There are 2 protein chains.
Amino acid sequence: MTGCLACDVLAGRIEAPGGVIHETAHWSVDHALTRWIGGWLIVKPKRHVEHLAELSTEEAAELGPLIQAVSAAMARVLSPERVYVLSLGEEVHHIHFHVIPRYRELPGHVLRLLEQAWGERSPWECTDEEAAATAAALREELRG
Amino acid sequence: MTGCLACDVLAGRIEAPGGVIHETAHWSVDHALTRWIGGWLIVKPKRHVEHLAELSTEEAAELGPLIQAVSAAMARVLSPERVYVLSLGEEVHHIHFHVIPRYRELPGHVLRLLEQAWGERSPWECTDEEAAATAAALREELRG
């Protein structure tokens, strides 16, 4: 074991249910080890990279078309109401996107859960002026 | 108003704090209208499209490099512990990615919140065999 669950799955030391589902030159797709919801997929780069900012040009180029294709396959095979895509990196720091079939009856609206956790009393809550200042700093950075 | 908040922001009928931060041919980036966390950005296609499966080839091609660039700018300007990326579509069905500076002290680990909502007693919970069968069906669909 390497200490990275994603690397262990990629190397075959841990097997996801059903094995590798799809791969591109730089990314791999398999079923989540979590069994909360059948069809919950994990999309991750083959290289151990921990921050989205550090994706290579080639890795970044493949991401959008892959998310699109995986979402389309999920829509056709599982017919969820929609498809959730989440990259959090809380426990496994190797970048991965959870691609989750969101069925109509699924409880626990994610944004409402976040609102409960992060809502009104968040120390990071900002005023319009603070948000605009942050927007300006990010605009400048993205212009570079 | 069009009935789509994202389209209203794109058309300038509603202004995000600080205005448009960045745009590509097919996508636009601005600050969230939610003020729970300063620097929370929304990345959305300029076209009204409701499912990731329906992104055009051109839209999909720009997504990965844009997520990479926005994450990198956020890392440099705001120095979060990491960057969350979430596409949910619960209330605004026009596709959008929440790109959120996840600070070290932020409470409410998203996966733990989901576990509470979707955990052990989920009717969608699956066995290894069911997960493997779903994996096989998705593999076949992605091969096409």
Side-chain angles (χ1 to χ4, degrees), chain A residues 17-19 21-22 30-31 35-39 51-53 55 60-65 67-69 71-77 82-91 103 106-111 113-114 117-119 122 124-126 128 130-132 134-139 141-142, chain B residues 17-19 21-22 30-31 35-39 51-53 55 60-65 67-69 71-77 82-91 103 106-111 113-114 117-119 122 124-126 128 130-132 134-139 141-142:
Chain A
I21 291 173
H22 189 66
D30 43 35
H31 195 283
R35 312 288 198 280
W36 300 338
I37 300 174
H51 296 281
L52 292 165
L55 287 175
E62 288 183 359
L63 178 60
I67 293 285
Q68 192 276 337
S71 299
M74 189 174 280
R76 289 190 296 265
V77 171
R82 68 182 63 89
V83 173
Y84 278 170
V85 175
L86 295 84
S87 176
L88 306 165
E90 288 294 343
E91 290 172 356
Y103 295 105
L106 198 70
H109 182 318
V110 173
L111 275 187
L113 294 171
L114 294 182
W118 298 349
S122 161
W124 297 275
E125 196 180 0
C126 63
D128 277 9
E130 290 165 341
T134 300
L138 289 165
R139 181 185 301 111
E141 185 69 34
L142 279 158
Chain B
I21 290 174
H22 188 67
D30 43 35
H31 195 283
R35 311 288 198 279
W36 300 337
I37 299 175
H51 296 282
L52 292 165
L55 287 175
E62 288 183 359
L63 177 59
I67 293 285
Q68 192 275 339
S71 299
M74 189 173 279
R76 288 190 297 263
V77 172
R82 67 182 63 90
V83 174
Y84 278 170
V85 175
L86 295 85
S87 176
L88 305 165
E90 288 294 341
E91 289 171 356
Y103 295 105
L106 197 71
H109 182 318
V110 173
L111 274 187
L113 295 172
L114 294 182
W118 298 349
S122 161
W124 297 276
E125 197 181 357
C126 63
D128 277 10
E130 289 164 342
T134 300
L138 288 165
R139 181 185 301 113
E141 185 69 34
L142 279 158

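Owing to the predicted nature of the structure, the values given are computational and were not obtained by experimental measurement. Naming convention: chains lettered A, B, ... in sequence-line order (proteins, then strands); numbering from 1 in each chain.
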Hey, which of [options] has the most heavy atom pairs under 4.5 Å with chain A?
options                      : value
B/A61, B/A75, B/A135, B/A136 : B/A135
B/H31, B/H51, B/R82, B/R76   : B/R82
B/L88, B/V77, B/D128         : B/L88
B/L86, B/L55, B/L63, B/I67   : B/L86
B/G64, B/A69, B/G19, B/G38   : B/G64

Looking only at non-hydrogen atoms, find the nearest pair between [X] and [Y] and report the distance.
X      : Y     : result
A/T134 : B/G39 : CG2-CA, 3.6 Å
B/S71  : A/L52 : OG-CB, 3.5 Å
A/A53  : B/A72 : CB-CA, 3.5 Å
B/Q68  : A/A60 : CB-CB, 4.2 Å

Is B/E90 in contact with chain A via its backbone, its side chain, both, or neither, using a 4.5 Å heavy-atom distance?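 Contact with chain A involves both backbone and side-chain atoms of B/E90.
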Counting only non-hydrogen atoms closer than 4.5 Å, does B/A137 touch chain A with its backbone (N, CA, C, O), its side chain (CB onward), both, or neither?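 For B/A137, heavy atoms of backbone and side chain both lie under 4.5 Å from chain A.
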For the backbone of B/I37 and the side chain of A/E125, can you confirm whether one donor and one acceptor N or O come within less than 3.5 Å of each other?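 Judged by distance alone, no pair lies under 3.5 Å.
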If you count heavy-atom pairs under 4.5 Å with chain B, which of A/G18, A/S87, A/G89 comes out on top? A/S87
Checked A/A132, A/C126, A/A73 vs chain B; the most non-hydrogen pairs under 4.5 Å come from A/C126
I'd like to check B/E141 versus A/M74 (side-chain heavy atoms, cut-off strictly below 4.5 Å). Are they in contact? no
With rounding to the nearest 0.5 angstrom, report the NE2 to CG distance, A/H22 to B/L138.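 Nearest 0.5 Å value for the NE2-CG distance: 11.0 Å.
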